[in-house]
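Notes to accompany the following structure.
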Protein chains: 2
Amino acid sequence: MSKTYHHGDLPKALIAAASAIVEEAGVEALSVRAVAKRVGVSPGAPFRHFASRDALLAAVAGQAMERLATAVEAGQLKTDADPLEQIRMIGTAYLRWVAEHPTQFAIISQRNLVPLEGTARKQNDAIRDRMMALLTMARSHGHLRHDADPAAVLLSCRALVYGLSRMLIDGHFPEWSPEGDPLDWMQRSLDHFIRDLRPGPGQEAGE
Amino acid sequence: MSKTYHHGDLPKALIAAASAIVEEAGVEALSVRAVAKRVGVSPGAPFRHFASRDALLAAVAGQAMERLATAVEAGQLKTDADPLEQIRMIGTAYLRWVAEHPTQFAIISQRNLVPLEGTARKQNDAIRDRMMALLTMARSHGHLRHDADPAAVLLSCRALVYGLSRMLIDGHFPEWSPEGDPLDWMQRSLDHFIRDLRPGPGQEAGE
DNA sequence: TCCAGATGTAATCGGTGATTACTTCTAACC
DNA sequence: GGTTAGAAGTAATCACCGATTACATCTGGA
């Protein structure tokens, strides 16, 4: 018989199947039995490798998290560019990935559901540290208002992008931007925000 | 016997019990049976008043939503104040309520889980319209950069406050602001954001 | 008074996460 | 190369859940 008793790499197959189910039918549709059935294994088999449904979900989330981090890292290429422009690129890559993989983002966003750890944790920290470095650089180059607090600005950047992302997957855009593509609005919001960080040419305020 | 066969007002009691359970043990701990047991009624009884678990949850959410909207409305008193300051007050009231009622906020944030309707819907629209009016007013008074797009700024305001709120309940603050009270950081982020909307005194950029 | 409809009960179904005892296979060791 | 320890998968089972149905009970208006 071609099918061996032991599955080649059940954990990997389980994560893949679970990812597929989540992608197709949402997080709430994920059940251990469904995953087992999809892989063609008994309902209890997954518990040999994942202690609980949440553990399986965490594995799926970990994978998704690394993908998001990788996409964001890929988004920031030109290292010699203006610091705030680099931050804008990071945010843009983030927003784009979320728009392309809404259900995956829905899983990874809740830390209480899925703790941040491993490779994803490191990538996340690296991105945050890079943003902080970019902001302090921007400040020292005079690209930020002179009285700006980089830590507060960092939090605002993160909150804005995260907020836009969650608004998208939580279905808030019909309320807050009735017309047009949500992704366009998200981009516009981000651009506006970054521009307002600069002390720049809004000076002749009176029109 | 003091206990009548018919419950006085079961729907209300069910919502109250459900709210309590959610407040105590989180959304995922909410089950129809648990609510029924808490009220002291048979497991199937709630279905006479709520077609499904989600319908019960929606009722709880609707109540929570009205409370949030009311809190926000209560936060904006001084009508003659500077428009951006008024927006800041709205955001502040929002953040404060979220920090005080995190689990309730967790329910009401997902529109796919709980559609926005009824009184809450009207309140929500009213707040959004008020914010839009404040922003256009701010722009015409020269309190916004002259090339600002009120619609984009509105979205940014909303996204920032919503993002901060979700970061709080999703447990992101340990990553993004290691020290200090999250609510303080949220407030600081909002203040910074509002201030950066002004064309104001950041002009002498070089320090 | 009495009956119709509203309200709560009891029993039940299918699905789920999780645990257990058991079977089957793999791989390392002498 | 045969034996065996343990990893991996199976099957049966438990308790819980949402939901449905048939039935019992109460309430208020004609």
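Residue numbers start from 1 in every chain, and the chains themselves are labelled A, B, ... in the order their sequence lines are given, proteins ahead of strands.
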For this session: State which residues pass salt bridge (Lys or Arg N to Asp or Glu O under 4.0 Å) with B/R128; sequence neighbours excluded, sorted by chain then number.
Result: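 Only B/D125 meet the salt bridge (Lys or Arg N to Asp or Glu O under 4.0 Å) criterion with B/R128.
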For this session: For DNA chain D, determine which residues of residues 41-59 of chain B have any heavy atom closer than 4.0 angstrom to one of its atoms, and list them numerically.
Result: B/F47, B/R48, B/S52, B/R53
Exercise. For DNA chain D, what residues of residues 19-27 of chain B have any heavy atom nearer than 4.0 Å?
Worked result: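 Within this stretch, nothing sits under 4.0 Å of the strand.
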Sequence neighbours excluded, which residues qualify as side chain to side chain donor-acceptor pair (under 3.5 Å) partners of [X]?
X: A/D9; answer: none
X: B/R188; answer: none
X: B/T92; answer: B/Q187
X: B/S156; answer: A/S189

Exercise. Whole Å only: how far is the CD atom of A/E28 from the C1' atom of D/dC17?
Worked result: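 That distance rounds to 16 Å.
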Exercise. How many Å lie between NZ on B/K37 and P on D/dA15, as a whole number?
Worked result: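 Taking atom P of D/dA15 as the reference, NZ of B/K37 is at 14 Å.
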Side-chain donor-acceptor distances from residues 100-109 of chain B under 3.5 Å, at least two apart:
from	atom 1	to	atom 2	distance (Å)
B/H101	ND1	B/W97	O	3.1
B/H101	ND1	B/W97	NE1	3.3
B/T103	OG1	B/E23	OE1	3.4
B/Q104	NE2	B/E23	OE1	3.2
B/S109	OG	B/F105	O	3.4
B/S109	OG	B/A106	O	3.2
B/S109	OG	B/R166	NH1	2.6

Problem set entry | Heavy-atom donor-acceptor pair, B/R33 side-chain to D/dG18 base, under 3.5 Å |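 Present.
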Exercise. Partners of A/S140 by side chain to side chain contact (heavy atoms under 4.5 Å, CB included), sequence neighbours excluded?
Worked result: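 Per chain and number, A/S140 pairs via side chain to side chain contact (heavy atoms under 4.5 Å, CB included) with no residue.
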Problem set entry | side chain to side chain contact (heavy atoms under 4.5 Å, CB included) against A/Q123, all qualifying residues, sequence neighbours excluded | A/E66, A/A69, A/T70, A/E73, A/T119
If you look only at distance, which donor and acceptor atoms sit under 3.5 Å apart when one is on a side chain in residues 31-39 of chain A and the other is two or more places apart or in another chain?
from	atom 1	to	atom 2	distance (Å)
A/S31	OG	A/A34	N	3.0
A/R38	NH1	A/E24	OE1	3.4
A/R38	NH2	A/E24	OE2	2.9

Problem set entry | Selection: residues 9-16 of chain B, any non-hydrogen atom under 4.0 Å of DNA chain C | B/L10
Problem set entry | Greater than 12 external heavy atoms within 6.0 Å of A/R96's CZ | no
